[in-house]
Number of protein chains: 2
Amino acid sequence: MSVRTGGGGEVRNTRQRRAVSQALASLEDFISTQDLHALLRERGESVSLATTYRILQSMSELGELDVLRGGDGEAIYRRCAAEHHHHHLVCRRCGAAVELEAPTVEEWAGRTAAAHGFTEVDHTIEITGLCAACSARRADG
Amino acid sequence: MSVRTGGGGEVRNTRQRRAVSQALASLEDFISTQDLHALLRERGESVSLATTYRILQSMSELGELDVLRGGDGEAIYRRCAAEHHHHHLVCRRCGAAVELEAPTVEEWAGRTAAAHGFTEVDHTIEITGLCAACSARRADG
DNA sequence: TTCACTGCAAATGCTTTGCAGCGCC
DNA sequence: GGCGCTGCAAAGCATTTGCAGTGAA
């Protein structure tokens with residue numbers, strides 16, 4: 001018999017949690033746990049890798065973060081934005097990212113899923129390529 | 001010496017490769033490498049786990065298979081029914097998958113990327129939800 | 001015959017977990 | 001003061017890889 005502690009989840013405001021939160025707040029795009037951990041170390045915030053994993057996991061469970069899977073299965077997180085859903089165009093060489101609005105695609109996704117009888121639909125769209133700068137660099141040689 | 005040594009692809013028709021092919025042909029939906037390996041063992045086809053990984057990887061590189069990432073980052077495969085690029089609508093409960101054509105989205109992705117100066121564009125679109133059957137089951141239950 | 005393919009097992013790399021001490025509430 | 005949180009390091013998993021023998025072409 002479990003006793004529900006008031007409110008459902010006590011989350012303590014620790015230095016580590018604050019560091020992770022702030023780091024995420026300063027980022028525009030998705031980042032992997034490993035990279036975030038490296039970033040924290042660069043900034044002089046000492047948070048162990050295990051704790052980074054635990055905090056990120058905890059935050060995503062609380063709905064404070066968006067979780068995605070990188071191409072190689074790595075979990076990547078982003079501060080849960082925002083008011084509205086959008087996607088990204090990412091340079092696979094330098095990592096530059098552009099935020100995209102895709103009303104047409106959103107609509108298509110919903111419509112298509114509904115047409116197949118699906119409910120509670122969610123979607124992920126990622127576009128990768130070489131940004132203008134990297135394309136030029138490559139063309140130059 | 002082979003006529004085309006370039007890049008690739010002499011693929012020998014081995015017992016193991018045939019076993020994997022046939023197993024995939026008998027499946028409707030996505031399956032993980034581990035599960036496929038277990039299935040092969042059940043059927044009495046002895047193919048080592050490492051080889052299962054190698055064959056699946058090889059087949060997906062040749063475009064004979066669709067690859068997806070399960071919720072926990074596991075790679076899951078399915079025989080590729082369509083010949084050209086397409087996307088999937090996957091039930092997050094039972095794993096049922098529907099292949100989608102998305103000319104509009106493809107076009108949008110290309111156009112948008114180009115507008116931002118991106119080249120060599122690639123994209124990933126995944127739509128998840130509850131399929132009709134699972135939706136009904138939930139409504140009933 | 002040749003060389004890709006296999007099996008085996010050790011190695012990787014990401015993520016999780018047991019345990020003891022620390023700090024937030 | 002209690003107990004969740006941390007750090008550390010070892011464990012756990014899926015996946016990859018080195019090596020030598022096997023079999024397809």
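Hydrogens, waters and symmetry mates play no part in the numbers below; they use all other heavy atoms, side chains included. We name chains A, B, ... by the order of the sequence lines, and we start the count at 1 in each one.
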Give the rounded distance in Å between these two atoms: [atom1] of [X] and [atom2] of [N].
X       : N      : atom1 : atom2 : result
B/Arg12 : D/dA24 : CZ    : C1'   : 5 Å
B/Leu56 : D/dT15 : CG    : C1'   : 12 Å
B/Leu36 : D/dT15 : CG    : P     : 12 Å
A/Arg17 : C/dG23 : CZ    : P     : 18 Å
A/Gln16 : D/dG7  : CD    : C1'   : 9 Å
B/Ile76 : D/dA14 : CD1   : P     : 14 Å
A/Glu61 : C/dT15 : CD    : C1'   : 14 Å
B/Arg15 : C/dA4  : CZ    : C1'   : 16 Å

Which of residues 41-54 of chain B sit near DNA chain C, with a heavy atom under 4.0 Å from it?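 Of all residues in residues 41-54 of chain B, the ones placing a heavy atom under 4.0 Å from DNA chain C are B/Ser46, B/Val47, B/Ser48, B/Ala50, B/Thr51, B/Arg54.
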Consider only side-chain heavy atoms of I, L, V, M, F, W and Y, link residues closer than 4.5 Å, and tell whether B/Val67 and B/Leu27 are in one cluster.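 Yes.
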Please say yes or no: joined through hydrophobic side-chain contacts below 4.5 Å, possibly via intermediate residues, are B/Tyr53 and B/Met59 part of one cluster?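 No.
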Mind checking A/Gln34 for me? I need base, sugar-phosphate or nothing, with any heavy atom below 4.0 Å counting as a touch.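 Contact class for A/Gln34: base.
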Does the plane of the ring in B/His88 sit parallel, tilted or perpendicular to the ring in B/Phe30? Use 30° and 60° as the thresholds.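 Perpendicular.
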Looking at the side chain of A/Ala75, which of C/dT15, C/dT16, D/dT6 is the nearest nucleotide?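 Closest nucleotide among those given: C/dT15.
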Among the nucleotides C/dC25, C/dT16, D/dT16, which one has an atom lying closest to any side-chain atom of A/Gln57?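 Between C/dC25, C/dT16, D/dT16, the one nearest the side chain of A/Gln57 would be C/dT16.
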Determine whether a donor-acceptor pair (N or O, by modelled atom type, separation under 3.5 Å) exists between the side chain of B/Thr112 and the backbone of B/Trp108.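 It does hold such a pair.
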Taking A/Leu130's backbone N and O only, do any of them form a donor-acceptor pair with A/Ser135's side chain (distance below 3.5 Å, no angle check)?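 Side chain of A/Ser135 to backbone of A/Leu130, a donor-acceptor pair under 3.5 Å: yes, one is there.
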Looking at OG1 of A/Thr52 and CD of A/Gln34, how far apart are the two atoms once the value is rounded to the nearest 0.5 Å?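 Answer rounded to 0.5 Å: 9.0 Å.
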Taking only side-chain N and O atoms of A/Thr14, does any of them lie within less than 4.0 angstrom of OP1 or OP2 on D/dT6?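 The answer is yes; a side-chain N or O of A/Thr14 sits under 4.0 Å from OP1 or OP2.
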Would you indicate whether A/Arg18, at its atom CZ, is surrounded by more than 12 heavy atoms from other residues, nucleotides or ligands within a distance under 6.0 Å?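 Yes, CZ of A/Arg18 has more than 12 neighbouring heavy atoms, counting only those of other groups under 6.0 Å.
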Closest nucleotide of DNA chain C for B/Ile55 versus for A/Tyr77: which of these residues is on the 5' side?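 Here B/Ile55 is the residue nearer the 5' end.
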